[in-house]
Amino acid sequence: MDEHDAHKTKPRNPLQRLYAAFESPGRRRALHLTILAILIVTPWISSQYTTVILTNALLYVVLCLGLNIVVGYAGLLDLGYAAFFAVGAYTVGILTQQFGVNFWAAIPFALMAAALAGVIIGGPTLRLRSDYLAIVTLGFGEIVRFTARNLEITGGASGLSHIPEPSLFGWHIDSSIDFYYVFVVLAVLAYIASQRLFDSRLGRAWLYVRHDEDAAEAMGINRVATKLAAYVTGAIFGAIGGIFFSVNLGAISPESFSFQQSVLILLAVVLGGMGKIPGVILGAFIVVLGPELLRDFGTLRLLIFAVLLLLIMLFRPSGIWPEKRS
């Protein structure tokens, strides 16, 4: 009997053994240091093109970790996440480019704008469930994009350009390597914040609401307030990505925040494994780097990439690095 139980608990395939290997705190710490060292040296041993692509991947890490709080932790299907990405980018762009506000002073206003947008759209709609919530968030994302396209202060369809680059203690952040390291810091901070939130009391409340809202409410958890906290937290993550995206490019337009962006971010979260931070990070890198690695296939690269994604989801329906189930 004991032998049978030991056989049942033993990982059955290489992926499961890999997951189990990094459950140890010591090994996890060593993995973190190794990845951080690789990120630090990469710009000095690779081309500028590679640095730019990796910067975009790190941006997606921040955005995907934010959406993971909404979808993976709290179980809310959000199809308009790019709206918060746009709110952060446009708020900083308008304040710095049109009103001459210092970039760092504009950041709190952008975060407050995203949080307010999260409350306005989330407050009345988070009582809805499943498909209804998805439709509302999809509509919200499109409303934000069309509003940005039609307002004069946002630059209309042409968007905003000549957004000033930030500086910090005399360090003018303007090169591709500079912004690469900025996004490395943002990704590390987003990872730490996501992990702390997951281990917190609020994180456990999100988990209970995700698995059974009625049972969670019977335990005394305010399900609407709990879901709203997840929605607003995810909005702040999205706004942070948009803030630094705008100054990195120096120009933004409504088409940068289309429904396709929301789908790609959600795809990365689902592909990596909803609720599992390492899986979400892996999914973000796959979504960004995959088409670039297939560039030699020309016009067929997106088709090949789509087929590969389909095969991954067929064989790993819970994601590449799924949440461990008890």
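It should be emphasised that the depicted structure is a prediction, and the values quoted were computed from it without experimental measurement.
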Engineer: side-chain contact (heavy atoms from CB on, under 4.5 Å) with Met313: which residues, sequence neighbours excluded?
Structural biologist: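 side-chain contact (heavy atoms from CB on, under 4.5 Å) check on Met313 returns Val270, Leu271.
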
Engineer: Decide side chain to side chain contact (heavy atoms under 4.5 Å, CB included) for Tyr132 and Thr125; before the verdict, give the C-alpha distance in whole Å, the side-chain angles of both, and the deciding distance to 0.1 Å.
Structural biologist: CA-CA 9 Å; Tyr132 300 104; Thr125 61; over 6 Å; no

Engineer: Rounded to the nearest 0.5 Å, what's the gap from OG on Ser176 to CD1 on Ile53? Could you check?
Structural biologist: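 Answer for the OG-CD1 pair, Ser176 versus Ile53, is 11.5 Å.
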
Engineer: Hydrophobic cluster membership, with links at side-chain heavy-atom distances under 4.5 Å among I/L/V/M/F/W/Y: are Leu186 and Ile192 in one?
Structural biologist: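 Hydrophobic grouping puts Leu186 with Ile192.
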
Engineer: First locate atom CZ of Arg223, then atom CG of Asp214, and finally report the distance between them rounded to the nearest 0.5 Å.
Structural biologist: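 So the gap between those two atoms works out to 7.0 Å.
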
Engineer: Considering all heavy atoms of both residues, which atom of Leu314 and which atom of Pro317 are nearest to each other, and what is their separation?
Structural biologist: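 Shortest heavy-atom contact: O-CD, 3.9 Å.
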
Engineer: Which pairs with one or both residues in residues 188-201 pass side-chain hydrogen bond (donor to acceptor under 3.5 Å, both in side chains), sequence neighbours excluded?
Structural biologist: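 Passing the test, one end in residues 188-201: His32-Tyr191, Gln195-Asp199.
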
Engineer: Yes or no on side chain to side chain contact (heavy atoms under 4.5 Å, CB included) for Glu165 and Val247, after CA distance, side-chain angles and deciding distance?
Structural biologist: CA-CA 6 Å; Glu165 294 158 337; Val247 293; 5.8 Å; no

Engineer: Look at the rings of Tyr73 and Phe198 and say which category their plane angle falls in: under 30° parallel, 30 to 60° tilted, over 60° perpendicular.
Structural biologist: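 Plane angle between 30° and 60°, so tilted.
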
Engineer: Do Val61 and Phe183 come within less than 4.5 Å of each other through their side chains, counting heavy atoms only?
Structural biologist: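 Answer no - side chains too far apart.
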
Engineer: Quick one: do Phe285 and Leu58 satisfy side chain to side chain contact (heavy atoms under 4.5 Å, CB included)? Show the steps, please.
Structural biologist: CA-CA 8 Å; Phe285 274 90; Leu58 291 167; 4.0 Å; yes

Engineer: Could you tell me which non-hydrogen atom of Ala284 sits nearest to which non-hydrogen atom of Cys64, and how far apart they are?
Structural biologist: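 Smallest interatomic distance, heavy atoms only, reads CB-SG, 3.9 Å.
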
Engineer: Give, for atom CG of Leu266 and atom CG of Asn68, the distance between the pair rounded to the nearest 0.5 Å.
Structural biologist: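 Leu266 atom CG to Asn68 atom CG measures 10.5 Å (nearest 0.5 Å).
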
Engineer: What are the two closest heavy atoms between Val144 and Ala86, and how far apart are they?
Structural biologist: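 Here Val144 and Ala86 meet closest at CG1-CB, 4.1 Å.
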
Engineer: Scan residues 54-63 for pairs that pass side-chain hydrogen bond (donor to acceptor under 3.5 Å, both in side chains), counting only residues two or more places apart or in two chains.
Structural biologist: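 Applying side-chain hydrogen bond (donor to acceptor under 3.5 Å, both in side chains) to every pair that reaches into residues 54-63, excluding sequence neighbours, yields Tyr60-Gln261.
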
Engineer: Check residues 287-303 and write down every donor-acceptor pair under 3.5 Å in which the side-chain atom is one partner and the other belongs to a residue at least two apart or another chain.
Structural biologist:
residue: Glu292; atom: OE1; partner: Tyr49; partner atom: OH; Å: 2.2
residue: Glu292; atom: OE1; partner: Arg295; partner atom: NE; Å: 3.2
residue: Glu292; atom: OE1; partner: Arg295; partner atom: NH2; Å: 2.9
residue: Glu292; atom: OE2; partner: Arg295; partner atom: NH2; Å: 3.2
residue: Arg295; atom: NE; partner: Tyr49; partner atom: OH; Å: 3.3
residue: Arg301; atom: NH1; partner: Pro291; partner atom: O; Å: 3.1

Engineer: Going by ring-ring contact (aromatic ring centres under 6.0 Å, His included), name the residues that satisfy it together with Phe244, two or more places apart in sequence or in a different chain.
Structural biologist: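 Testing Phe244 for ring-ring contact (aromatic ring centres under 6.0 Å, His included), a comparison that skips the adjacent residues, returns Phe103.
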
Engineer: Output every pair passing ring pair (Phe, Tyr, Trp, His ring centres under 6.0 Å) with a member in residues 134-175, not counting sequence neighbours, ordered by first then second residue.
Structural biologist: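 Sorted result for residues 134-175: Phe84-Phe140.
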
Engineer: Sequence neighbours left out, what passes ring-ring contact (aromatic ring centres under 6.0 Å, His included) with Tyr81? Give chain and number order.
Structural biologist: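 Tyr81: no ring-ring contact (aromatic ring centres under 6.0 Å, His included) contacts found.
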
Engineer: With rounding to the nearest 0.5 Å, note down the distance linking CD1 in Ile121 to CD1 in Ile143.
Structural biologist: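 Ile121 atom CD1 to Ile143 atom CD1 measures 6.5 Å (nearest 0.5 Å).
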
Engineer: Please report the shortest heavy-atom distance between Ala157 and Pro254, naming the atom on each side.
Structural biologist: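 The answer is O-CD, 3.7 Å.
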
Engineer: Inspect the surroundings of OH in Tyr208 and state if more than 12 heavy atoms from other residues, nucleotides or ligands are less than 6.0 Å away.
Structural biologist: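 No, because the 6.0 Å sphere around OH of Tyr208 holds 12 heavy atoms or fewer from other groups.
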
Engineer: Is there a path of hydrophobic side-chain contacts, each under 4.5 Å between heavy atoms of I, L, V, M, F, W or Y residues, that connects Val71 with Val209?
Structural biologist: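 No; tracing contacts between hydrophobic side chains, which count when under 4.5 Å, never links both residues.
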
Engineer: Please check if the number of heavy atoms outside Phe109 that lie under 6.0 Å from its CZ is greater than 12.
Structural biologist: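 12 or below, so no.
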
Engineer: If hydrophobic clusters are built from ILVMFWY residues whose side chains come within less than 4.5 Å, do Val182 and Val52 share one?
Structural biologist: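 No, it is not one cluster - the side chains of Val182 and Val52 are not joined through contacts under 4.5 Å.
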
Engineer: Can you list, by chain and residue number, the hydrophobic cluster partners of Leu33 when the side-chain cut-off is 4.5 Å?
Structural biologist: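 Other cluster members: none.
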
Engineer: Mind checking the OG1-OH spacing from Thr50 to Tyr180? Nearest 0.5 Å is all I need.
Structural biologist: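 Nearest 0.5 Å value for the OG1-OH distance: 10.5 Å.
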
Engineer: Linking directly or through intermediates, with side-chain heavy atoms under 4.5 Å: list the remaining ILVMFWY members grouped with Leu189, chain and number order.
Structural biologist: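 The other cluster members (ILVMFWY side chains, heavy atoms under 4.5 Å, direct or chained) are Val185.
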
Engineer: For Trp321 and Val280, indicate whether the former's side chain and the latter's backbone hold a donor-acceptor pair under 3.5 Å.
Structural biologist: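 Not confirmed, Trp321 side chain does not pair with Val280 backbone.
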
Engineer: Under a single-linkage rule joining Ile, Leu, Val, Met, Phe, Trp and Tyr whose side-chain heavy atoms are separated by less than 4.5 Å, which residues share a cluster with Ile120?
Structural biologist: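 Via sub-4.5 Å side-chain contacts, Ile120 links to Leu116.
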
Engineer: Do Ser262 and Leu79 have side chains that get closer than 4.5 Å, going by heavy atoms?
Structural biologist: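 When only atoms from C-beta onward are counted, Leu79 and Ser262 do not touch, as no gap falls below 4.5 Å.
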
Engineer: Restricting to non-hydrogen atoms, name the atom on Ser161 and the atom on Ala251 that form the minimum distance, rounded to 0.1 Å.
Structural biologist: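 Closest heavy-atom pair between Ser161 and Ala251: CA-CB, 3.9 Å.
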
Engineer: Keeping Trp104 on the side-chain end and Ser167 on the backbone end, is there a donor-acceptor pair under 3.5 Å?
Structural biologist: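 Checking the backbone N and O of Ser167 against the side chain of Trp104, a donor-acceptor pair under 3.5 Å is found.
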
Engineer: So, Tyr90 side chain and Gly159 main chain: donor-acceptor pair closer than 3.5 Å or not?
Structural biologist: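 No; zero donor-acceptor contacts below 3.5 Å.
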
Engineer: According to the side-chain hydrogen bond (donor to acceptor under 3.5 Å, both in side chains) rule, which pairs have a member within residues 35-44, sequence neighbours left out?
Structural biologist: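 Applying side-chain hydrogen bond (donor to acceptor under 3.5 Å, both in side chains) to every pair that reaches into residues 35-44, excluding sequence neighbours, yields Trp44-Tyr181.
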
Engineer: Give every residue pair that meets the side-chain hydrogen bond (donor to acceptor under 3.5 Å, both in side chains) criterion with at least one member in residues 137-148, sequence neighbours excluded.
Structural biologist: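 Of all non-adjacent pairs touching residues 137-148, those that pass side-chain hydrogen bond (donor to acceptor under 3.5 Å, both in side chains) are Glu142-Arg145, Arg145-Glu255.
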
Engineer: For Leu228 and Gly118, work out which heavy atoms get closest and say how close.
Structural biologist: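 Reported closest heavy-atom pair: CD1-O, 3.9 Å.
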
Engineer: Side chain to side chain contact (heavy atoms under 4.5 Å, CB included) with Ile252: which of Val92, Leu160, Thr154?
Structural biologist: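 The option that passes is Leu160.
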
Engineer: Kindly indicate, with the supporting measurements, whether the criterion side chain to side chain contact (heavy atoms under 4.5 Å, CB included) is fulfilled by Leu54 and Leu39.
Structural biologist: CA-CA 9 Å; Leu54 289 176; Leu39 290 174; 6.0 Å; no

Engineer: To the nearest 0.5 angstrom, please state how far the CD1 atom of Ile163 sits from the CG atom of Leu249.
Structural biologist: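 Going from CD1 on Ile163 over to CG on Leu249, the span is 8.5 Å.
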
Engineer: Check for me, please, whether Val87 and Ile107 land in the same ILVMFWY cluster - side-chain distances under 4.5 Å, paths through other members count.
Structural biologist: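 Each belongs to a different hydrophobic cluster.
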
Engineer: Assigning hydrophobic clusters by single linkage (Ile, Leu, Val, Met, Phe, Trp, Tyr; side-chain heavy-atom cutoff under 4.5 Å), is Leu36 placed with Ile177?
Structural biologist: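 Same cluster: Leu36 reaches Ile177 through Ile, Leu, Val, Met, Phe, Trp or Tyr contacts under 4.5 Å.
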
